[in-house]
Amino acid sequence: MPTTQTIYRTHRIQEISEHTQGLSITISGWVSSIRDHGELIFIDLRESEILQIRLNRDHLADFDQLAKIKPESTIQVSGIIIKRESDDYNSSLRTGTIELDATEIIILNMSKTLPFEIKKAHKTKESLRMKYKFLEMRSDSVQKTLLHRHKIIKSIRDSLDDQDFIEVETPVLTAGSEEGSREFIIPSRQHPGEFYTLPQAPQQFKQMLMTGGIEKYFQIAKCFRDEDSRGDRQPEFTQLDMELAFVSMQDIIDLNTKLFQKIIPAVYTSKWKIKPFQTITYKTAMDKYGTDKPDIRFDLFLEDITDIVRKTEFEVFKKPIQDGGIVKCIKVSHNLQTKKISKGQIEKLTLLAQSHGLGGLAYIIVKEDELQSPIIKYLGESVSQEIIKFTQAQPGDIVFFSAAHPKIANAALDAVRRKLADMLDLIPKKELHPLWVIDFPQFERTDDGSWTFSHNPFSLPKPEYLKQHMKITDTAEILAQQYDLVLNGHEIAGGSIRSHSPDVLTATYKHMGYSDEQIQKSIGHMLEAFSYGAPPHGGIAWGIDRLMMILEEKESIRDVIAFPKTGSGQDILFQSPSPLSEQKLHEANIRTTFLQK
Ligand code: ASP
């Protein structure tokens with residue numbers, strides 16, 4: 001790093017070492033800690049690193065004044081680099097054998113008493129950390145995370161630039177789109193009664209760019225969805241958005257696989273071991289793992305035993321099957337249980353299953369000479385034995401069951417599977433297990449029984465389903481050229497090859513029950529654009545926040561965003577959202593009445 005002499009600094013700490021002993025320097029930074037020993041005071045001065053400052057009463061006229069400096073004040077220190085007494089070495093600092101013997105200290109800005117210690121920021125209540133974000137940000141952990149985030153994004157930009165992509169900015173004030181989430185709306189002052197929406201993703205813009213001959217587009221894009229926040233969701237978030245013309249699904253998968261393999265080692269040189277990419281179909285993911293974003297770091301698999309238990313009189317299984325549900329199970333082999341699963345753990349798993357909609361969590365423990373379970377007497381000995389045979393369960397194994405509507409049965413067992421992995425310590429540390437999930441259904445049922453798109457209305461069906469697609473038949477069967485990238489159980493990217501022909505896109509909307517008029521209103525502009533020689537195209541978008549959450553090993557995406565919103569969508573520091581003054585509302589041509597407040 002070049003030395004830039006400013007009025008505050010002749011050097012940065014990173015330029016100082018044992019080799020610069022005797023050098024007279026001026027540095028500036030934050031008081032990380034201050035220790036008063038009477039005739040001597042020690043300050044740990046922090047900028048990109050820490051350097052110990054020695055304040056000697058004999059060298060500083062204002063010594064008593066300086067003793068009152070509060071932690072986290074900013075100071076400017078001039079002095080000479082000297083070697084420390086050997087019993088004063090600090091092996092945890094690069095600069096641990098030297099210190100700056102101060103000849104002058106200027107207090108640039110005195111800090112108030114802190115609401116929490118910076119070093120303990122991570123242990124502080126989140127609401128307090130959010131209110132004092134500017135203090136939490138001074139902690140080593142947040143500084144590192146923001147630096148890594150910057151480097152990942154830079155690495156993405158450099159890599160895509162090398163491959164002739166160009167970054168194009170797309171609007172934030174836009175019209176409603178068709179991505180399926182609730183949108184934020186912005187009233188228009190110039191067009192009273194009309195509204196902009198904030199984009200859920202630049203989906204339609206990037207497709208217009210393809211139509212406009214920008215063949216390789218990307219953007220680090222802000223996206224907005226008016227949904228309740230969760231650990232891995234925020235009302236505004238960042239995507240790496242990408243689209244290419246004249247590409248196949250495999251081209252996009254290959255390109256993104258290479259990008260992943262390039263950027264992560266570029267930033268985290270040795271922290272992460274990247275396992276080989278795997279690919280599975282949506283159907284296999286649902287069958288084996290009960291989710292379309294399986295965590296493949298551990299071998300626990302779901303099995304469907306609906307046919308085996310179909311004949312049972314056991315109400316817990318019988319009723320869901322009669323109602324069109326399924327029965328699935330998961331076997332925990334004794335090999336995986338370094339410590340036997342305890343009663344308390346089974347209770348915890350049961351509560352978890354219940355929170356996902358199951359009545360309870362039935363199980364069978366396989367013993368040397370018997371099966372142990374409260375359900376055997378209802379299930380019957382022979383059906384129980386059939387299950388054991390089917391699952392090849394051995395003495396010491398436990399089999400857990402989930403019987404419900406497929407959605408609930410799968411979701412509950414997926415949650416149980418993940419929890420078991422956690423309890424049994426099955427998750428390998430510092431490993432990334434990337435997985436492409438392909439062959440998603442083009443459509444899914446809504447709660448009211450009608451059809452909607454499963455991921456993206458612009459996805460193109462797989463070639464073998466195009467005939468049915470155009471005839472508007474077999475809606476449930478049609479598979480799309482759609483793919484997700486899943487990492488350690490989180491969906492980190494998703495995309496598709498698009499329907500670039502107006503006819504195919506129109507058919508998608510017909511499957512979803514749109515009339516010609518509704519289609520025109522909704523995507524007329526896309527159909528018009530595509531009818532001027534739009535190229536075949538496809539793309540993908542990565543959730544940068546989720547990726548960073550995994551790479552930084554954080555619990556929530558809030559921990560990798562400089563200014564996140566709370567779980568209820570508020571920014572405590574800047575106090576948004578907040579009411580507007582009458583005058584501002586008047587200027588915007590708005591009078592407010594609320595349906596609920
Ligand atoms: N726009 C899509 C999304 O945000 C991603 C894509 O299909 O490119 O999920």
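Because only heavy atoms are used, hydrogens play no part in the values below, and waters and symmetry mates are left out as well, while side chains stay in. Quick caveat: nothing in here was measured; it's all calculated off a predicted structure. Each ligand, and each atom within it, is numbered from 1 in the order the structure gives. Quick note: residue numbers are just sequence positions, from 1.
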### Query
If you measure from each non-hydrogen atom of E491 to ligand 1, which part falls under 4.0 Å: side chain, backbone, both or neither?
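Near ligand 1, E491 shows nothing, with every heavy atom at 4.0 Å or more.
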Heavy-atom contacts with [X] under 4.0 Å: which atoms of ligand 1 show up? List them by number with element.
X	answer
A201	1 (N), 4 (O)
G494	5 (C), 6 (C), 7 (O), 8 (O)
I540	8 (O)
R498	6 (C), 7 (O), 8 (O)
G495	6 (C), 7 (O)
Q239	3 (C), 4 (O)

### Task
Taking only Lys NZ, Arg NE, NH1 and NH2, and the carboxylate oxygens of Asp or Glu, determine whether D422 and R418 approach each other closer than 4.0 Å.
no
### Task
For the residue pair H469 and F443, categorise the inter-ring angle as parallel (less than 30°), tilted (30 to 60°) or perpendicular (more than 60°).
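Ring orientation of H469 relative to F443: parallel.
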### Task
Would you please classify the geometry between the Y282 ring and the F440 ring as parallel, tilted or perpendicular, with 30° and 60° separating the classes?
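Aromatic pair F440/Y282 classed tilted.
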### Query
Please walk me through it: do Y217 and D241 pass side chain to side chain donor-acceptor pair (under 3.5 Å)?
CA-CA 8 Å; Y217 145 90; D241 194 39; 2.9 Å; yes
### Message
Quick one, E136 with S139, criterion side chain to side chain donor-acceptor pair (under 3.5 Å). Give me CA distance, side-chain angles, the key distance, then yes/no.
### Response
CA-CA 6 Å; E136 187 199 12; S139 71; 5.7 Å; no
Going by distance only, is there an N or O of [X] that falls short of 3.5 Å from an N or O of ligand 1?
X	value
Q200	no
D241	no
E243	no

### Query
At the 4.0 Å heavy-atom cut-off, does R225 count as touching ligand 1?
yes
#### Entry: Non-hydrogen atom of K206 closer than 4.0 Å to ligand 1
yes
### Task
Step through it carefully: locate the ring centre of H537, locate the ring centre of F246, and say whether they are under 6.0 Å apart.
no
### Message
Check for me whether the distance between the ring centres of F453 and F458 falls short of 6.0 Å.
### Response
no
#### Entry: Derivation of the salt bridge (Lys or Arg N to Asp or Glu O under 4.0 Å) call for D439 and K462
CA-CA 8 Å; D439 290 356; K462 292 186 78 182; 3.0 Å; yes
